[in-house]
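These notes are about the structure you will find just below.
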Amino acid sequence: GGRGGGGGGGGQGDIGEPGPNAPPVEEIQKLISERNEARRACNFAEADRIREQLHSCGVALMDEPGGRGEGTEVTTWRYWRD
């Protein structure tokens, strides 16, 4: 028999291992887009709801200042588990 291969590379650095409830990447990115729209509309209750929804599925969101943009934030995410 052969030995198992090593870990593969990820797109955006180390995003951890998806937990049992983790949604697919496309779903995560769709929800992040919806959250960004809500934040732009100052609908922070909706933005918080989406963040909590993802968190309960094992996905943590991090809002980080963008690169050279004026006041733009980039939302990155990673899987987390208890």
Side-chain angles (χ1 to χ4, degrees):
R3 283 194 294 272
Q12 51 163 318
D14 176 25
I15 60 169
E17 291 289 322
N21 303 325
V25 172
E26 297 80 33
E27 182 73 12
I28 295 168
Q29 290 171 341
K30 186 163 85 72
L31 284 166
I32 288 174
S33 295
E34 290 177 14
R35 179 170 172 263
N36 288 340
E37 289 294 324
R39 291 171 74 203
R40 269 196 287 275
C42 295
N43 187 354
F44 296 111
E46 173 71 4
D48 285 348
R49 187 190 66 76
I50 293 171
R51 185 188 187 109
E52 288 301 313
Q53 179 185 340
L54 280 167
H55 197 263
S56 69
C57 296
V59 178
L61 299 186
M62 284 87 60
D63 294 318
E64 299 169 356
R68 290 189 291 272
E70 279 294 310
T72 53
E73 275 189 339
V74 179
T75 301
T76 58
W77 61 272
R78 74 186 308 278
Y79 297 114
W80 69 276
R81 284 196 260 185
D82 289 323

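This is a predicted model, so every value here is computed, not measured.
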With sequence neighbours excluded, residues passing side-chain contact (heavy atoms from CB on, under 4.5 Å) with Glu73:
Arg39, Asp63
Using 0.5 Å steps for rounding, measure from the CD1 atom of Ile28 to the CD1 atom of Ile50.
13.5 Å
Under the side-chain contact (heavy atoms from CB on, under 4.5 Å) rule, collect the residues that match up with Asp48, sequence neighbours excluded.
none
Please name all residues satisfying salt bridge (charged side-chain N to carboxylate O under 4.0 Å, His left out) with Glu37, sequence neighbours left out, ordered by chain then number.
Arg40
Nearest 0.5 Å please: distance from the CG atom of Asn43 over to the CZ atom of Arg35.
12.0 Å
Residues which pass salt bridge (charged side-chain N to carboxylate O under 4.0 Å, His left out) with Glu52, listed by chain and number, not counting sequence neighbours:
none
Nearest 0.5 Å, what's the CD1-OH distance between Ile15 and Tyr79?
5.0 Å
Euclidean distance, Leu31 CG relative to Leu54 CG, rounded to 0.5 Å
5.0 Å
Which pairs would a plain distance check flag for residues 16-26, meaning a side-chain donor or acceptor within less than 3.5 Å of a matching protein atom at least two apart in sequence or in another chain?
none

Listing request: all ring-ring contact (aromatic ring centres under 6.0 Å, His included) pairs with a residue in residues 19-58, at least two apart in sequence or in separate chains.
His55-Trp80
